[in-house]
Each structure stands twice: as C-alpha cells, then as structure tokens.
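The residues of the chain are indexed from 1 along the displayed sequence. These numbers come from a predicted model, not from an experiment. Counting starts at 1 for both ligands and their atoms, following the listed order.
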Amino acid sequence: MTARLLPATPASIAEAAAVLRSGGLVGMPTETVYGLAGLATSDAAVAAIYAAKGRPAFNPLIAHFASAAEAAREGRFDSRAWRLARAFWPGPLTIVAPIIEGTRIGLLARAGLATLALRVPSHEVARALIEATGAPLAAPSANRSGRISPTRAEHVMSDLEGRIAIVLDAGPCARGLESTIVACLGGPARLLRPGAIPSEDLERALGEKLAASTSGEPAIAPGALASHYAPRANMRLDAREVSDGEAALDFGGALGKTATGLRLDLSPKGDLMEAAANLFAYLRELDATGAQTIAAAKIPELGLGVAINDRLRRAAAPR
Ligand code: TXA
Ligand code: MG
C-alpha cells in the first residue's frame, strides 16, 4: 500500500476518518509529534499499528480523545487527574488512570493492563480527525520502533511509506517533544515520562510535589526504556568542541564553528522551547549526513531541558 501524503483539509480529514473507521492507519499531526493513528477500540487496527511500527506488542498505546468528557468515560479520574486535565487539556499531557469497567478501549491497545493512558491533543487537525472518526484513536509516535520520533509529515513518510494509507500533512509540530506522562492511580501523581510540559508546571497545578519516579521497578512506561530514539550515528553528549568528521548538534552557539561536518543549532538564542521543537528534525538531518558521530552540546537540566536531555540520553544509549 502506497501512503498518500495529503495536506490536512476538511476533505482529506474526512477521507482519513473513513480509512480509520474501516480499520486502516493514518499519520496524524499533533502538537507534540506525528502519531500513527488507528481505532483504539479495534484489536485488529491496533495489531496493524504494532506491525507497521515493528513494535513489541507488550507496549501499551495512548488513547487520544476529542474532549476530557470523552476521556473520562474510559478512564477513572481521581481529583488529581481532574486537576491536571483542567489545567493542561487540550494539550501535551498524558494521564494514566485505572480503566472504567466495560471500557471501549481494546485489550490490545492497553496491552492487557488495567490502566489506560489518555490524552486530549490540542492540535486542531488531530481533534477534527478524532471527531470525524467518532471514536478514540490509539496513536504511538509514527516512527519505526526504536527510531527518532517524527515532527514532520516527511519523517512519517520516510519511516512508514508502504505501511499506512494516508499521512495528513499539517507542517512541523509546534512542541516537537512527546507528551509528559503522569500516572494518577491514587496517592500523589507520578511522572512516568518527562515531556512537553515541565514537571514544575504540573506541580504548580497540583499544588503538591509529584511522587519521585522510582527507577528499578518494572517499567510501567515500557517506551521509556534505554536505546529509544536512536539515530544510526553514535551520540557524544555534553561536547565542548567538535572533531573533524563529526556532525554537531549545538545549543546557544556553544560549539562555535565546526571544522568539516554539518552543525545545526537547536536554538542560537538558547531558548529551550525552540530547542525542543527542533530536536528530532535536527537529529534526523545530522544523521542523514552519514557522520559516524553526532556531538551534542550540553543542554541545561531545567524546564524543558529535562525532557530534551532524557531524549538525548536515550539516543546515546548502547544498542
Ligand atoms: O506526544 C505523545 O505522547 C505522542 C503523540 C502521538 O500523542 N505519542 C507517543 O506515544 O509518544 P508512544 O506510544 O510513542 O509512547 C507512549 C508511552 C509508552 O512509553 C508507553 O509505554 C506508555 O506511554 N504507556 C501507555 N499506556 C500506559 C499505561 N497504561 N501505563 C504506563 N505507561 C503507559
Ligand atoms: Mg515513541
């Protein structure tokens, strides 16, 4: 099946919704990254998502809804979940909550868990697509498993061409980093994956600290394992200078002029929002030069820098 790259318009959204209703897959723009969307209610559609990504089937998916009211029909929200939903939805926050008995979300999308990851995206095309489909959409990031997340429609085409029906093109993703994932399972909310909303903002909305995310316990966000987001090149983090032949991922001009390789600056003015939006596209572009190594400048470990550093460390993890 050859994927069709269609500019997102009311007509192409309606067409994509019809594909989804019949169990097909669509590349869906969101404010974070492009998603590979299929019916969350259909085990067959979710199986097709796993197959297209080449993703291990034990990895549960996020269900995307058009509104918090619809999300609350499938997941049981405690007071903390509601507080977060009110503060950040629609937007780049995913809430993990216990399922409601009789939920429409299929077992495969949940990977058999009694909890469910829910998100209401703010991207107008995503919400229009969910509404037109009339069902929640399961959507992992639209990359082949283990590869860099897609922030442009062309990234989706280059990873999944031949494996999906339609990619809706709505230009580059504004945030460029996946949603922050928080578990609300009774007791203090717990951060499962740093992402587009800094944890300080979550704590401000909650009026309390998040529970420390304990490493070492069985991964409940399996996608949050090492060696994710991997470019083909090796990554050298916290670089202060760049050697000949290395490609360079700069921040705030710290690396200066490089000798021979391509240098891309995530944000010449040192803005972490801008850096987040550019991160995955620049990693792909640097990787495409064929350099052996990508040298990355140090990113401050605060605000969005926490999630950026998380993705860089995964890109650098042994594989
Ligand atoms: O921004 C995003 O979140 C993007 C866009 C497309 O919405 N989606 C995304 O999905 O990043 P994905 O599949 O690449 O990452 C989802 C993460 C995985 O780490 C998965 O293990 C975790 O969510 N997850 C899903 N359901 C879970 C659950 N019930 N409990 C804990 N973690 C869960
Ligand atoms: Mg992903």
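E178 and R193 are not joined by a salt bridge, as no carboxylate oxygen comes within less than 4.0 angstrom of a charged side-chain nitrogen.
Within the 3.5 Å criterion, the main-chain N or O of V167 finds no donor-acceptor partner in the side chain of Y34. Side chain of K53 to backbone of A142: no donor-acceptor contact under 3.5 angstrom is found.
When heavy-atom distances to ligand 1 are checked against a 4.0 Å cut-off, R119 comes that close only through its side chain, counted from C-beta outward.
How far OG of S267 is from CG of L279: 12.0 Å, rounded to the nearest 0.5 Å. Distance check, rounded to the nearest 0.5 Å: CZ of R21 to OG of S42 gives 14.0 Å.
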Audit row: R204, D201, salt bridge (charged side-chain N to carboxylate O under 4.0 Å, His left out) steps and yes/no: CA-CA 5 Å; R204 202 169 309 120; D201 293 9; 3.6 Å; yes

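In this structure, A139 is part of the shell of residues with a heavy atom less than 4.0 angstrom from ligand 1.
Remark: ligand 1 atoms within the under-4.0 Å shell around heavy atoms of P140 are 10 (O), 12 (P), 13 (O). Atoms of ligand 1 found under 4.0 Å from any heavy atom of L192 (numbered from 1 in listed order, with element): 31 (C). Near N59, the atoms of ligand 1 lying under 4.0 angstrom from a non-hydrogen atom of the residue are 20 (C), 21 (O). Atoms of ligand 1 found under 4.0 Å from any heavy atom of S179, numbered from 1 in the order shown, are 1 (O), 2 (C), 3 (O). Close approach to A117 involves these atoms of ligand 1, each under 4.0 Å from a residue heavy atom: 25 (C), 26 (N), 27 (C). Using a 4.0 Å cut-off to heavy atoms of T32, the atoms of ligand 1 that qualify are 1 (O), 2 (C), 4 (C), 5 (C).
Within a 6.0 Å sphere centred on CD of Q292, other residues, nucleotides and ligands contribute 12 heavy atoms or fewer.
Nearest-heavy-atom check against atom 7 (O) of ligand 1 across E178, H64, M28 picks out H64. Of all the listed residues (I62, L113, V33), I62 holds the heavy atom that lies closest to atom 16 (C) of ligand 1. Selection from T115, I49, L177 by nearest heavy atom to atom 28 (C) of ligand 1 gives T115.
Each of R119, R127, H123 was compared with T30 under the side chain to side chain donor-acceptor pair (under 3.5 Å) criterion, and only R119 meets it.
V19 and I130 fall within the same hydrophobic cluster, defined by Ile, Leu, Val, Met, Phe, Trp and Tyr side-chain heavy atoms under 4.5 Å apart, directly or through other members.
At a 3.5 angstrom cut-off on N or O pairs, R193 counts as close to ligand 1.
Not a single N, O or S atom of N143, from either the backbone or the side chain, sits less than 2.8 Å from the Mg ion (ligand 2).
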